[in-house]
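The structure under discussion appears below in the form of structure tokens.
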Amino acid sequence: MAARITVDETYCKGCKLCIEVCPKDILALDETKLTPKGYRPATCTDPEACIVCGQCAVICPDVAIMVEEV
């Protein structure tokens with residue numbers, strides 16, 4: 001099973017809540033880019049390892065994450 005994790009960089013403020021809650025430890029802040037507001041956005045480092053639990057999307061206070069099974 002694989003997933004497509006989409007982070008809307010317009011809303012992501014790099015709070016790291018999604019990173020802390022991920023049971024597979026596959027989320028991280030993208031150190032190579034900044035959002036329009038100047039934050040490091042969250043990114044999925046290994047979509048193949050995602051179990052599509054959706055915890056990252058649920059905990060996101062800015063509703064910036066969407067998880068889809070592919």
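- Residue I26 is tested with I51, I19, T43, D46 for a side chain to side chain contact (heavy atoms under 4.5 Å, CB included); the sole match is D46.
- Residues E9 and P36 share a closest heavy-atom pair of O-CD, 3.7 Å.
- To the nearest 0.5 Å, atom SG of residue C18 and atom CG of residue L27 are 5.0 Å apart.
- Checked by atom type and distance alone, the side chain of R40 pairs as donor or acceptor with a backbone atom of E31 at under 3.5 Å.
- Residues L29 and G14 approach most closely at CD2-CA, 3.9 Å, considering heavy atoms.
- In plain terms, the two heavy atoms of V52 and A3 that are nearest each other are CG2-CB, 3.7 Å.
- By the criterion of side-chain heavy atoms lying less than 4.5 angstrom apart, applied directly or through intervening Ile, Leu, Val, Met, Phe, Trp or Tyr residues, V21 is grouped together with L17 in one hydrophobic cluster.
- Taking CD from E48 and SG from C50, the interatomic distance works out to 10.0 Å, rounded to the nearest 0.5 Å.
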Give the table of side-chain donor-acceptor pairs shorter than 3.5 Å for residues 57-70, with sequence neighbours excluded, one pair per line with atom names and distance.
from : atom 1 : to  : atom 2 : distance (Å)
D62  : OD2    : K13 : NZ     : 3.3
E68  : OE1    : R4  : NH1    : 3.4

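- For the atom pair T35 OG1 and D8 CG, the distance stands at 10.0 Å (nearest 0.5 Å).
- Neither Y39 nor Y11 shares a network with the other; the hydrophobic side chains, linked directly or stepwise wherever heavy atoms of I, L, V, M, F, W or Y lie under 4.5 Å apart, form separate groups for each.
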